[in-house]
Amino acid sequence: MKKALIILFIFATILCCGFLMSCNQTRIEDMVDISIVKLPDKLEYQFGEELNIDGIEVHLNYKKADPKILSKDEFVVLGYDAQKEGDQTLEVVYKAEDDDYQIEFKKYFQVKVYPLKGDLYFVEDFCLDKVYDGKSVLITENDYIKNSTADIQIVWYQGKTLLSNAPKNVGKYKAEISVPSVEGFESASASIEFEISPRELEVVWVGENGNNEDFDFTYTGDFVSPTPTVDTSEFGEKVFLVNDGSYAEVGDNYSSICRMMVPNSNYILRNTTCYFNIVKASSNVQFYSDAVFEKTFDNQEAQMSEYQYDGDGDVEIKWYKNGELLNTSPINSGKYVVEVFVNETSSFISSSVKHEYVISKKQVEINWYGEGDSLDDFDWVYSNSEICPSANCNLVLGFNLDINVSGSAINAGEYIAHASILNDTYNNFQIVNSTKNFVISKADYDMSGITFVDETKPYTKEVQSLAISGALPVGLDGIGVTVQYEGKTKDAGTSCQVRAIFSTQSTNYNIPVEMTANLTISKADRELKKSSDESIESNSVSVAYIKSILVYEQEDAVLLLSVDGGEFVEEDSFVYSEGASIEVKIKESANYKESNSVTITLLISEV
């Protein structure tokens, strides 16, 4: 396959070379001219259409050779203007040159350029019919198709009358559009008939208080009627309306008719009749803004006159309690409902207004009086008589205050006095401080006949005590006395505080205050005596012997001896001279004072 292609290429190359050699053999100086053997197929054109030379045959003529048919690439056609209508002469130009010669041959033929049709027409389904909208009819470039470059011209007709402006009011019209003939285009025109229909305006009837659904007018005594309105604000025009039908008395199915005051063919009205009623007005009863709906119990019937109303009906004041109608105005405390009821008349319906009414309990301020009519002292002391505080208050005439105490307030203790109001069947009072706490305190025993005083007692070798003297008070039931000694109560030279602590089981008397006294133990006196009055007749005597002839308390006894006024000595024995005397006494000790002295005379016997 590849071998065959190569052979074909070589063969074609040889043929081309032979043709060129043949052409080159034709010299320029042998060329004579060119000739148009056959004109182009197309010699007539529409304005703006491009030149088409298909079908033309041009020969190049030689002196001694056959003519050559030139291809389209070997010549040019000049002089064609697609934007110029009419006959046009075109020239065919051939040029050739070599190193020595340069030639140019021309031939001519004619074509004709015809103008285009205007082709002006409205788009399919285009329609100018409309309902009156207050605006002029308008034709835009989107509403038609044209082939001309000329500007469109529009004229308007109503019937055969030419209008100066595009119509906007109701009527039948014709619009004619056209373009004049201009370079390259013929004139053209188109027309369309249309109608501007009247706009149907809805009459909106406005009832009482601007309501367009409720046409029940409330009786006022004045003439009333619904108000017709139409909305033309979108078109900037005003339609003047008149309304026929105005009534004042209560009644049903009145009618009112709306029509245009000035005829205006651009509009037609619908809903031109409105039916309405005049209904009874409400008595419209209401309480004053500052009406008072409460009072404090004063044993008087409640009253209500703080209201106002419209109309001419009779007024009834009704009172309710727990939803039930009362026969009379309330007196007693509680929550009620008061109703002001206005009866119906020929022009007014009945109406009523209700409000809660409260009769508050009367606040009763109790003033309590205690001991000695004091406002502060409510503490009594037991006196074996019944006790109760007294009180007074601000009561309504016809009611009395009752004071009672639970139980008999005689014995000492805490009590509560209660204040209540007699005959307060309907609970019309509220007592402030309705109870009062008071106390009957225990009394003190009369201890003035009891004495417990300081006492000093001499040493007795025994534990000593103090005694309470005097008669116990009458009524001191179950009294007990405990004596406590805080210190020594035996040895001399000591002191002890003694406490007498009382106890009692009495309900109405306080335990007596304890008493204190001091017990002091002093040194006892010691007496020294001789057993006989005889003198000792000896020149030698022992202390033991001297002790044997003495009588004294032996406890803690230390003898003090003095011979002839000398120092007291206590010897087992001692020598003395004739006529000497011995003074003996007992030395002061912890529990005894120094004793009295006795004298013993010594008589020396002869040896």
Side-chain angles (χ1 to χ4, degrees), residues 1-121 145-151 178-189:
M1 182 68 182
K2 291 182 179 180
K3 183 177 180 181
L5 290 173
I6 293 172
I7 293 173
L8 181 59
F9 176 75
I10 295 172
F11 179 72
T13 303
I14 293 173
L15 288 177
C16 290
C17 291
F19 176 76
L20 292 172
M21 289 176 64
S22 175
C23 292
N24 289 336
Q25 291 175 356
T26 304
R27 295 180 301 174
I28 291 177
E29 59 267 25
D30 293 331
M31 296 179 181
V32 177
D33 60 8
I34 61 172
S35 59
I36 300 174
V37 177
K38 183 179 179 182
L39 292 173
D41 297 336
K42 185 174 180 64
L43 296 176
E44 293 181 350
Y45 293 90
Q46 292 293 320
F47 188 83
E49 188 177 5
E50 293 183 357
L51 180 67
N52 184 354
I53 61 172
D54 289 347
I56 191 171
E57 185 175 333
V58 179
H59 288 186
L60 175 61
N61 300 313
Y62 294 92
K63 294 178 181 179
K64 297 180 178 181
D66 293 333
K68 172 188 175 184
I69 299 174
L70 296 177
S71 66
K72 292 180 182 179
D73 296 336
E74 292 178 303
F75 61 88
V76 295
V77 177
L78 303 175
Y80 180 72
D81 186 353
Q83 302 301 318
K84 181 179 180 182
E85 63 178 277
D87 294 332
Q88 296 185 26
T89 298
L90 309 184
E91 59 181 0
V92 178
V93 179
Y94 173 79
K95 291 182 180 181
E97 63 180 341
D98 59 12
D99 295 337
D100 297 324
Y101 294 94
Q102 179 177 352
I103 61 172
E104 180 178 281
F105 301 117
K106 296 181 180 180
K107 288 296 183 180
Y108 302 92
F109 68 93
Q110 281 191 335
V111 297
K112 189 169 185 177
V113 177
Y114 291 94
L116 295 173
K117 292 182 178 180
D119 286 338
L120 179 63
Y121 55 90
I145 296 174
K146 69 181 179 73
N147 195 33
S148 176
T149 59
D151 293 333
S178 62
V179 288
S181 60
V182 293
E183 182 69 29
F185 294 92
E186 297 176 347
S187 63
S189 66

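Just so it is clear, the structure is predicted and the values come from calculations on it, not from any experiment.
A distance of 11.5 Å separates NZ of K146 from CG of D119, quoted to the nearest 0.5 Å. Taking CG of L60 as the reference point, atom CD1 of I69 lies at 11.5 Å (rounded to 0.5 Å). Distance check: D100 CG to E29 CD gives 8.0 Å after rounding to the nearest 0.5 Å.
A heavy-atom distance below 4.5 Å is not found between the side chains of N147 and K117. Inter-residue side-chain proximity for V92 and I56 is flagged as met; some heavy-atom pair is nearer than 4.5 Å. The shortest distance between side-chain heavy atoms of K64 and D30 does not fall below 4.5 Å. Inter-residue side-chain proximity for L120 and S148 is flagged as unmet; no heavy-atom pair is nearer than 4.5 Å. By the 4.5 Å heavy-atom criterion applied to side chains, D54 and K42 are not counted as neighbours. Counting heavy atoms from C-beta outward, I34 and F75 have side chains that stay 4.5 Å or more apart.
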Step-by-step side chain to side chain contact (heavy atoms under 4.5 Å, CB included) determination, L90 to I53 = CA-CA 11 Å; L90 309 184; I53 61 172; over 6 Å; no
Under the side chain to side chain contact (heavy atoms under 4.5 Å, CB included) rule, what do Y80 and V111 come out as? Steps first, then yes or no, please.
-> CA-CA 9 Å; Y80 180 72; V111 297; 4.1 Å; yes
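When the shell of 6.0 Å around CD of E50 is examined, it contains 12 or fewer heavy atoms from other residues, nucleotides or ligands. In D87, the CG atom is crowded: over 12 heavy atoms of neighbouring residues, nucleotides or ligands sit closer than 6.0 Å.
Contact record, M31 with Y94: CE-OH, 4.0 Å, taken as the closest heavy-atom pair. For the residue pair I28 and A96, the shortest heavy atom distance occurs at CD1-C, 4.3 Å. The two residues D66 and Y62 come nearest to each other via the heavy atoms O-CD1, 3.4 Å.
When each of Q46, E85, E44 is paired with Y114, the side-chain hydrogen bond (donor to acceptor under 3.5 Å, both in side chains) condition holds for E44 and for no other.
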Side-chain donor-acceptor distances from residues 103-110 under 3.5 Å, at least two apart:
| unit_1 | atom_1 | unit_2 | atom_2 | d |
| --- | --- | --- | --- | --- |
| E104 | OE1 | K95 | NZ | 3.4 |
| Y108 | OH | E91 | OE1 | 3.4 |
| Q110 | NE2 | T89 | OG1 | 3.4 |

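With hydrogens and angles disregarded, a donor-acceptor distance shorter than 3.5 Å links the side chain of Y45 to the backbone of N52.
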